[in-house]
**Student:** 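Structure incoming, see below.
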Amino acid sequence: MCANGATPQTRQTAAPATENTNRRQPFPRGFLDTIATGWADRPDQSPPVRPQAPYAATRRDAVSAAFPGRRLVIPAGSLAQRSNDTDYPFRAHSAFAHLTGWGSDAVPDSVLVFDPTASGHDVTLYLRERADRTTAEFYADASIGEFWIGPRPSLAGVAEELAVATAHLDGFEPADDDLVVDRDAALTQFVSELRLCKDEYEIAQLRLAVEITVRGFDDIVADLPRIIATPRGERAVEGVFHWRARTEGNREGYDTIAASGPHACYLHWTRNDGAVVPGDLLLVDAGVEVDSLYTADVTRTLPVSGTFTPVQRTVYETVREAADAAFAAARPGVTFRSVHEAAMAVIAARVAEWGLLPVTAQEALDPDRGGQHRRYMVHGTSHHLGIDVHDCAQARREMYYDGILRPGMVFTIEPGLYFQIDDLTVPEEYRGIGVRIEDDILMTADGPVNLSAAIPRTADEVEAWIARR
Ligand code: GLY
Ligand code: MN
Ligand code: MN
């Protein structure tokens with residue numbers, strides 16, 4: 001007997017054990033006799049070709065040229081189970097999105113295949129054709145049936161929109177000598193490095209992602225009184241940003257970090273279950289991902305009361321000085337690494353001045369014996385940004401960290417200082433202060449452009465922003 005008094009449900013018809021869920025009811029004969037009929041014709045859609053299609057074609061040409069004679073397979077990936085019969089929202093593999101131009105509406109289980117020919121490759125996008133209304137898939141499959149999830153695109157429609165040949169997924173046959181992204185190191189590295197320099201479509205999408213993110217940060221500042229009044233105010237911050245991300249973009253490009261007070265010292269604090277308390281700093285690291293899957297990645301640190309205390313201001317302005325030094329060091333032709341080094345020189349100098357280091361700043365900056373200052377900023381200053389928040393992660397070191405900054409690269413500058421609440425190496429008034437300032441930078445032939453400059457950055461600007469809203 002169940003706790004609620006009901007007897008355990010007995011199935012009315014025999015069915016495979018895997019279908020034995022209490023939510024599935026058998027379909028009676030009358031339903032089965034009528035469900036396939038009585039539907040209006042679906043008009044043939046002829047969607048326009050999407051603006052990203054020619055860019056994706058150019059990227060596919062580069063992949064084809066790099067792997068002559070090899071069959072290449074780039075799967076979109078599949079739905080991932082969250083629990084029982086609920087899944088996480090589907091998110092196509094970044095290489096798949098980059099090479100197809102298919103973003104938030106990509107169909108799970110699709111596969112992009114490069115079949116070698118005498119002169120290059122024939123490229124085919126395999127996807128699951130929409131199911132006819134006479135099929136059980138249409139009405140009974142809760143994960144892909146159109147009765148459940150809404151209309152799916154047709155093979156012909158996808159071929160037109162993305163300007164690529166399409167075929168039914170059932171026709172895709174894997175072969176032993178396929179090079180499969182994420183399984184073959186050379187292919188995985190190539191498609192990651194292919195994203196290091198963004199084309200004009202990608203730059204426009206990143207600008208859009210940042211624009212919406214700017215509004216999301218403004219929403220948070222405008223809502224500070226309600227956030228402070230909410231017991232789990234950090235969740236309120238997350239929710240306010242989520243509203244903007246979902247209404248104007250696809251979603252967030254990563255879990256929002258909403259960290260008040262000492263939580264700001266936990267670099268990826270996403271539990272977000274604390275209060276937002278006047279007198280504390282609130283660190284918000286959030287970015288909107290747009291439908292093409294390009295994402296912003298921005299951090300601002302706000303005095304919850306509207307005004308920095310003197311020690312908070314000192315720490316904040318030091319982080320800003322480090323960010324400005326990194327920005328000044330960034331130009332075409334220098335190494336990616338040198339941007340980080342410029343920020344770290346400021347961090348080391350200031351924490352040495354404050355008496356926090358057992359060595360001099362110069363000794364701390366020694367590549368072998370130094371690093372004492374890194375206790376207060378363990379993360380890097382920059383990462384590439386694009387379809388992934390940490391984009392191009394499989395690129396070789398000589399192309400990434402030791403690589404040269406080129407026009408078209410988009411990366412973050414995000415120094416920080418984090419004084420843990422129980423760090424006995426810092427004076428008491430510093431403990432529990434965490435500050436990060438993160439901007440999204442586009443490198444051009446003329447130098448760096450701060451795409452997120454519209455969000456107030458200096459301590460004075462931040463105070464004025466809170467006062468205004
Ligand atoms: N939001 C993660 C990062 O800044 O890298
Ligand atoms: Mn970042
Ligand atoms: Mn970030």
Side-chain angles (χ1 to χ4, degrees), residues 91 94 192 195-196 198 206-207 209-217 220 234 237-238 240-242 244-245 249-260 263-272 281-290 293-302 316 319-320 322-324 326-327 330 336-337 339-340 342-344 347 374 376-395 400-401 405 409-418 434-443 448-457 462:
R91 207 298 192 163
S94 296
S192 199
R195 308 209 307 264
L196 281 165
K198 272 61 180 175
L206 283 159
R207 283 186 184 278
V210 172
E211 247 173 60
I212 304 169
T213 298
V214 170
R215 290 194 278 279
F217 272 82
I220 292 166
E234 293 174 346
V237 172
E238 183 186 319
V240 168
F241 193 81
H242 184 67
R244 186 63 70 174
N250 180 42
R251 57 180 60 249
E252 296 87 340
Y254 53 93
D255 288 343
T256 294
I257 297 168
S260 185
H263 289 164
C265 302
Y266 305 124
L267 302 177
H268 282 177
W269 175 260
T270 53
R271 242 179 273 170
N272 299 350
L281 295 178
L282 169 65
L283 184 154
V284 183
D285 183 342
V288 172
E289 172 190 277
V290 290
L293 304 184
Y294 290 84
T295 188
D297 179 13
V298 173
T299 307
R300 287 295 183 268
T301 307
L302 313 167
Y316 187 92
V319 173
R320 182 171 71 85
D324 289 350
F327 190 82
F336 187 86
R337 179 167 38 83
V339 177
H340 173 63
M344 294 319 290
I347 297 291
R374 297 293 305 277
Y376 311 114
M377 180 186 152
V378 298
H379 61 75
T381 303
S382 299
H383 56 79
H384 280 270
L385 183 68
I387 292 184
D388 279 316
V389 60
H390 298 154
D391 213 33
C392 314
Q394 284 80 32
Y400 194 130
Y401 192 64
L405 287 181
M409 288 183 166
V410 177
F411 55 92
T412 63
I413 290 181
E414 51 173 308
L417 271 173
Y418 313 91
V435 172
R436 178 163 64 255
I437 304 172
E438 176 172 28
D439 285 288
D440 299 341
I441 311 299
L442 165 67
M443 185 52 70
V449 175
N450 184 352
L451 300 178
S452 44
I455 310 181
R457 272 183 88 249
V462 168

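Indexing begins at 1, ligand by ligand and atom by atom, following the structure's order. These figures come from a predicted structure and were not determined experimentally. Side-chain atoms are counted along with the backbone in the values below, which use heavy atoms only and exclude waters and symmetry mates.
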**Student:** Using the ring of each side chain (for Trp, its six-membered ring), is H384 parallel, tilted or perpendicular to F411, with breaks at 30° and 60°?
**Tutor:** perpendicular
**Student:** In total, how many protein N/O/S atoms does one find closer than 2.8 Å to the Mn ion (ligand 2)?
**Tutor:** 4
**Student:** Would you call E252 and R244 a salt bridge, taking side-chain N to carboxylate O under 4.0 Å as the test?
**Tutor:** no
**Student:** Report the residues that fulfil salt bridge (charged side-chain N to carboxylate O under 4.0 Å, His left out) with R251, sequence neighbours left out, ordered by chain and then residue number.
**Tutor:** none
**Student:** With sequence neighbours left out, write down each residue that passes salt bridge (charged side-chain N to carboxylate O under 4.0 Å, His left out) with E414, or none if nothing qualifies.
**Tutor:** R436
**Student:** Taking the six-membered ring where the residue is Trp, are the ring centres of Y418 and H379 under 6.0 Å apart?
**Tutor:** yes
**Student:** For D439, does its backbone N or O pair with a side-chain atom of S452 as donor and acceptor, under 3.5 Å?
**Tutor:** no
**Student:** Donor-acceptor pair, D388 side chain versus H390 backbone, under 3.5 Å?
**Tutor:** no
**Student:** Verify the distance criterion only: is there a donor paired with an acceptor across the side chains of D285 and T299 at less than 3.5 Å?
**Tutor:** yes
**Student:** Check this for me: R207, atom CZ, are more than 12 non-hydrogen atoms of other residues, nucleotides or ligands nearer than 6.0 Å?
**Tutor:** no
**Student:** Does ligand 1 have any N/O atom under 3.5 Å from a protein N/O, and what are those pairs and their distances?
**Tutor:**
| unit_1 | atom_1 | unit_2 | atom_2 | d |
| --- | --- | --- | --- | --- |
| ligand 1 | 1 (N) | D285 | OD1 | 3.2 |
| ligand 1 | 1 (N) | D285 | OD2 | 3.0 |
| ligand 1 | 1 (N) | D297 | OD1 | 3.2 |
| ligand 1 | 4 (O) | D285 | OD2 | 3.3 |
| ligand 1 | 4 (O) | D297 | OD1 | 3.4 |
| ligand 1 | 4 (O) | D297 | OD2 | 3.2 |
| ligand 1 | 4 (O) | E414 | OE1 | 3.1 |
| ligand 1 | 4 (O) | E414 | OE2 | 3.4 |
| ligand 1 | 4 (O) | E438 | OE1 | 3.2 |
| ligand 1 | 4 (O) | E438 | OE2 | 3.1 |
| ligand 1 | 5 (O) | H383 | NE2 | 3.1 |
| ligand 1 | 5 (O) | H390 | NE2 | 2.6 |

